[in-house]
Structure formats: structure tokens, C-alpha cells
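Reminder, nothing fancy here: chain letters follow the sequence lines and each chain counts from 1.
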There are 2 protein chains.
Amino acid sequence: MALEHAILVSLDERSGSGYELAQRFEKSIGFFWPATHQQIYRTLKRMVDLAWVSCHEVAQDGRPDKKVYEVTEAGRDELARWLASPGEPETVRSDLAVKVRGASLGDAKAVIAELARHRDLHAERLDVYLAFEKKDFPDPSTLSGRRLHQYLILRGGIRAEQGLVEWCDEALAAMREDDRR
Amino acid sequence: MALEHAILVSLDERSGSGYELAQRFEKSIGFFWPATHQQIYRTLKRMVDLAWVSCHEVAQDGRPDKKVYEVTEAGRDELARWLASPGEPETVRSDLAVKVRGASLGDAKAVIAELARHRDLHAERLDVYLAFEKKDFPDPSTLSGRRLHQYLILRGGIRAEQGLVEWCDEALAAMREDDRR
DNA sequence: GTTACCATGTAAAAAGTTACATGATTCT
DNA sequence: AGAATCATGTAACTTTTTACATGGTAAC
């Protein structure tokens with residue numbers, strides 16, 4: 001399981017509350033490891049029990065108190081251990097692919113419309129990623145360490161979305177052509 | 001949830017037992033919707049309750065009896081309904097990306113080794129898919145209907161694996177370069 | 001005044017993973 | 001004799017998702 005480890009990575013960059021973490025998981029790290037606030041609160045609790053993170057309450061004026069979490073020595077050890085351990089390659093789970101595969105058992109036109117919708121969603125995400133790339137990493141060849149790693153992740157997201165847009169276009173063209181015949 | 005629907009698609013192509021379905025999920029449909037035999041048995045039971053599939057036991061000689069499942073009218077209706085309903089775009093969950101992102105907090109060399117391992121795993125899968133493409137779809141332009149849809153799914157798998165191999169190569173080159181400095 | 005943001009959680013249901021269990025047959 | 005294949009399942013556990021719940025502040 002990598003949610004703990006994704007949280008460790010994120011907290012190691014910057015300590016924060018569960019709420020703040022949930023927001024980070026809405027973007028950046030959450031692009032390749034999505035998690036909701038419920039998951040994060042629950043996992044943080046477990047991580048305190050494991051002593052991977054410490055927690056202290058911070059009073060705020062005009063706002064509710066918050067609990068700020070920080071990675072402990074044990075947490076850094078666990079992260080290092082996990083980083084060096086082999087894992088399974090990611091598995092895809094694609095509703096859309098199942099729909100395309102089953103298109104001839106229902107309304108093919110509806111599946112074509114769904115493909116087109118996803119194509120646009122992926123194109124939008126791609127634009128977001130490309131804008132990040134342009135703004136945050138204008139000169140990639142100079143990057144090193146953490147900045148390089150952040151850049152590489154973004155590159156992975158860009159490649160994945162490009163691939164999906166291209167696949168949607170390929171499938172759309174073929175299915176529309178088939179529909180006309 | 002798409003496991004029910006993936007099973008409906010698969011059973012609609014050919015009726016079969018849970019065991020047979022589990023084997024199909026080892027390849028083809030399982031490449032983009034993995035499922036173990038336990039999941040399949042449990043889901044089939046639920047689908048019988050929902051009357052999406054019917055089940056009759058078949059005695060075999062020299063082999064244990066098996067239960068053959070068949071899609072019902074209600075099952076086909078449900079499938080058609082689902083095919084036409086909009087879904088969320090697939091979400092990625094990549095341990096490897098988390099590891100790359102956190103590489104500077106542990107042993108970068110170990111992460112590089114892990115990247116190389118995944119690169120090879122994806123290259124292997126890609127070869128498997130490319131072999132299918134060559135063997136099963138030598139002349140894609142002539143395809144239509146179900147055969148076309150099967151081909152398009154395979155194309156999606158090919159694109160995804162190609163993208164992953166390329167990304168691993170990009171990340172490996174950059175991280176090795178960074179490691180040397 | 002109502003929407004959005006900050007901040008935390010509980011509870012239950014659904015889905016997925018892992019381990020264990022059985023028992024016959026066919027192939028080497 | 002031992003391994004692989006056929007065929008089904010139970011049980012326990014972990015993870016994820018969805019719904020519900022609270023309560024203050026700030027902006028429009």
C-alpha cells in the first residue's frame with residue numbers, strides 16, 4: 001500500500017494538517033495517487049499509532065484548531081525501506097475499455113459519445129499538465145534532486161494523457177467509420 | 001463498478017463457468033480489468049440474485065461438475081443501460097511514481113533499479129500485446145463490430161505500455177545523469 | 001442570507017486481496 | 001510419485017467509496 005508512503009513523501013516536503021494534505025492530494029501527488037479526506041484522516045491516525053508521524057494541535061484565531069503532522073525518524077526509515085523494496089507494476093482498470101469492448105451489445109453511438117467525452121476530459125488534463133510544465137520547469141535540463149523527480153512525475157502524467165487522447169481519437173475514428181457502413 | 005459489466009460482456013460473447021471466466025480474466029478482458037477467481041465467484045453469485053445471469057449445473061465425466069452461467073434478458077438490459085451511462089475517467093495509482101517522487105528521501109540508486117525493473121516488465125507486456133496484434137489482427141482496416149472493438153482495446157494496451165516504457169527510459173536517463181553529478 | 005472555505009470526523013457499504021480448503025484427473 | 005489442470009468455494013482482512021455530521025468564518 002502506498003497511501004502511507006505518499007503521505008510520508010508529501011509531509012516530508014512540508015508538514016501540514018490532514019486538511020492541507022487532502023488539498024495536496026487534489027493536485028500534484030494526487031494525480032497519480034488519488035485519496036479523499038476520509039482516507040487521509042484515517043491513515044494519519046494509523047500512522048501516528050505506528051509512530052511514523054507525530055501530531056501536535058495548533059490553535060488558530062478565527063479558524064478551527066488544526067492538527068499538524070510531521071514525519072518522525074521512524075517514518076523516514078520506513079519510507080527509505082519502502083523506496084528500496086520492489087513493487088508490482090501498476091494495473092489499469094478502465095471502464096471505458098470495457099464499454100468499447102462491449103459496444104456491439106448495446107448502443108454503439110452512446111459508446112462513441114462516451115469516448116468523445118473522455119477524449120475531451122483527457123485533453124483538458126493534458127492542457128493543465130502542459131501548463132505546469134511550461135510554468136514550473138522552463139529549463140528541465142538543469143534540474144536535479146527533488147525538483148527533477150517532481151518534473152519526471154509530471155512528464156509521466158503528460159505521456160499518459162497524451163496516450164489516452166491519441167487512443168480515444170484512434171478509437172473514435174475507427175468506430176465512426178464502422179458506424180457509417 | 002465494472003466487474004459485473006465486464007463479466008456480462010465476456011459471458012455474452014460466450015457462456016461459461018466461473019473457472020473459465022477467471023481464465024479469460026487472466027488475459028484479454030483482464031488486461032484492463034483484472035479480477036481473481038474469488039472475486040468472480042462472488043460476483044457471479046450476486047449477479048444470479050440480480051437475475052442478470054442464469055446458472056445451470058453441467059455434469060462432466062472425468063471432471064468435476066461445473067456451473068455454466070448465461071446472460072439473461074435482464075442482464076443484457078443492464079449492460080445496455082450501463083454502456084450508455086457516463087463514467088469517470090480512469091484514475092492512475094502508481095507506486096512507482098510515488099517512489100520516483102520520493103527518491104531523494106531514500107536511496108536514489110534503489111529507485112533507479114526499481115525503474116529499470118518496471119521498464120523491463122512493461123517491455124515484456126508490450127511484446128505480448130504486439131504479438132497478439134500481429135497474429136490476431138493482421139489487417140486492421142477490414143475489421144468491424146466486435147472484432148474491431150477487441151482490436152481497439154488491444155491498441156489501448158499497446159499505447160499504454162509503450163508510453164510506460166518510454167517514460168521509464170526518460171526517467172532512467174535523467175536520474176542516472178543526475179546521480180553521476 | 002447563502003455560498004464557499006476551514007477543519008475534523010463517524011459509520012456503513014462495496015470492492016479487492018490473501019490465505020486456506022477440497023478433491024478428482026491427466027500428464028510427465 | 002508428483003505436478004499441473006479442472007472446478008469450486010469459505011473466511012478474514014484491507015482498502016476504497018459514499019453518505020452523513022458538525023460548526024465557525026469570510027465573502028458576495
Side-chain angles (χ1 to χ4, degrees), chain A residues 1-7 11 15-27 29-30 32-50 53 55-69 82 87-95 98, chain B residues 1-8 11 15-27 29-30 32-50 52-53 55-69 82 87-95 98:
Chain A
M1 225 282 291
L3 179 54
E4 283 100 332
H5 302 101
I7 289 176
L11 278 183
S15 298
S17 67
Y19 188 81
E20 280 163 344
L21 273 171
Q23 283 178 312
R24 291 185 218 168
F25 273 80
E26 290 284 297
K27 21 184 186 176
I29 206 156
F32 45 90
W33 201 281
T36 61
H37 71 113
Q38 291 88 345
Q39 265 183 85
I40 289 166
Y41 285 125
R42 196 145 21 88
T43 304
L44 280 170
K45 201 170 281 178
R46 200 179 340 135
M47 289 169 79
V48 170
D49 292 342
L50 289 164
V53 295
C55 168
H56 52 275
E57 280 190 47
V58 174
Q60 303 183 108
D61 46 270
R63 287 185 190 178
D65 296 357
K66 64 177 177 181
K67 295 180 185 173
V68 173
Y69 294 88
W82 178 77
E88 289 296 298
E90 53 198 287
T91 32
V92 200
R93 273 218 164 88
S94 171
D95 285 41
V98 178
Chain B
M1 223 285 290
L3 179 55
E4 282 100 331
H5 301 100
I7 289 176
L8 285 174
L11 277 184
S15 298
S17 68
Y19 187 82
E20 280 164 343
L21 273 170
Q23 283 179 312
R24 291 185 214 168
F25 273 80
E26 290 284 297
K27 21 185 186 176
I29 205 153
F32 46 88
W33 201 280
T36 61
H37 71 113
Q38 292 87 344
Q39 267 183 84
I40 289 168
Y41 284 126
R42 195 144 25 89
T43 304
L44 279 171
K45 201 171 282 178
R46 198 178 344 132
M47 289 170 78
V48 171
D49 291 342
L50 289 165
W52 291 354
V53 295
C55 167
H56 53 272
E57 280 190 48
V58 175
Q60 304 182 107
D61 46 271
R63 286 185 190 180
D65 295 357
K66 65 178 177 179
K67 295 180 186 171
V68 173
Y69 294 89
W82 178 77
E88 289 297 299
E90 54 197 288
T91 34
V92 201
R93 272 218 165 89
S94 171
D95 285 42
V98 177

Quick check for you: to the nearest 0.5 Å, what is the distance between [X] atom [atom1] and [Y] atom [atom2]?
X       : Y       : atom1 : atom2 : answer
B:Tyr69 : B:Leu8  : OH    : CG    : 13.5 Å
B:Glu4  : B:Leu11 : CD    : CG    : 12.0 Å
A:Ser15 : A:His56 : OG    : NE2   : 7.5 Å

Taking atom [atom2] of [N] as reference, at what distance in whole Å does atom [atom1] of [X] sit?
X       : N      : atom1 : atom2 : answer
A:Glu88 : C:dG16 : CD    : P     : 17 Å
B:Leu50 : C:dA14 : CG    : P     : 11 Å
B:Asp65 : D:dT5  : CG    : P     : 22 Å
A:Leu21 : C:dA7  : CG    : P     : 12 Å
B:Glu26 : D:dT5  : CD    : P     : 11 Å
A:Arg46 : D:dT16 : CZ    : C1'   : 11 Å
B:Leu3  : C:dG16 : CG    : P     : 6 Å
A:Lys45 : D:dT14 : NZ    : P     : 17 Å

query: Out of D:dA7, C:dG16, C:dC6, which nucleotide sits closest to the side chain of B:Tyr19?
result: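 Closest nucleotide among those given: D:dA7.
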task: List in numerical order all residues of residues 33-43 of chain A for which some heavy atom is under 4.0 Å away from an atom belonging to DNA chain D.
output: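 Contacting residues: A:Gln38, A:Gln39, A:Arg42.
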- request: Just call it for A:Gln23: base, sugar-phosphate, or nothing, with non-hydrogen atoms closer than 4.0 Å on any strand.
  value: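 Contact class for A:Gln23: sugar-phosphate only.
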message: Just to verify, which of A:Ile7, A:Leu3, A:Leu44 counts as forming a side-chain contact (heavy atoms from CB on, under 4.5 Å) with A:Gln39?
response: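 Result: among A:Ile7, A:Leu3, A:Leu44, A:Leu3 is the only option passing the side-chain contact (heavy atoms from CB on, under 4.5 Å) with A:Gln39.
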task: Return yes if some donor-acceptor pair links the side-chain N/O of A:Arg93 with the main-chain N/O of B:Pro34 below 3.5 Å, else return no.
output: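 Pair found, side chain donor or acceptor close to backbone of B:Pro34.
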task: For the residue pair B:His5 and B:Trp52, categorise the inter-ring angle as parallel (less than 30°), tilted (30 to 60°) or perpendicular (more than 60°).
output: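 Judged by the thresholds at 30° and 60°, the geometry between B:His5 and B:Trp52 is tilted.
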message: Less than 4.0 angstrom between a side-chain N/O of B:Lys67 and OP1 or OP2 of D:dC6, yes or no?
response: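 For B:Lys67, the contact criterion (side-chain N or O under 4.0 Å from OP1 or OP2 of D:dC6) is not met.
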- request: Kindly indicate, with the supporting measurements, whether the criterion side chain to side chain contact (heavy atoms under 4.5 Å, CB included) is fulfilled by A:Gln23 and A:His37.
  value: CA-CA 8 Å; A:Gln23 283 178 312; A:His37 71 113; over 6 Å; no
Given DNA chain D, 5'-ward residue of the pair B:Glu20 and A:Pro64, judged by closest heavy atom: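 The residue mapped nearer the 5' terminus is B:Glu20.
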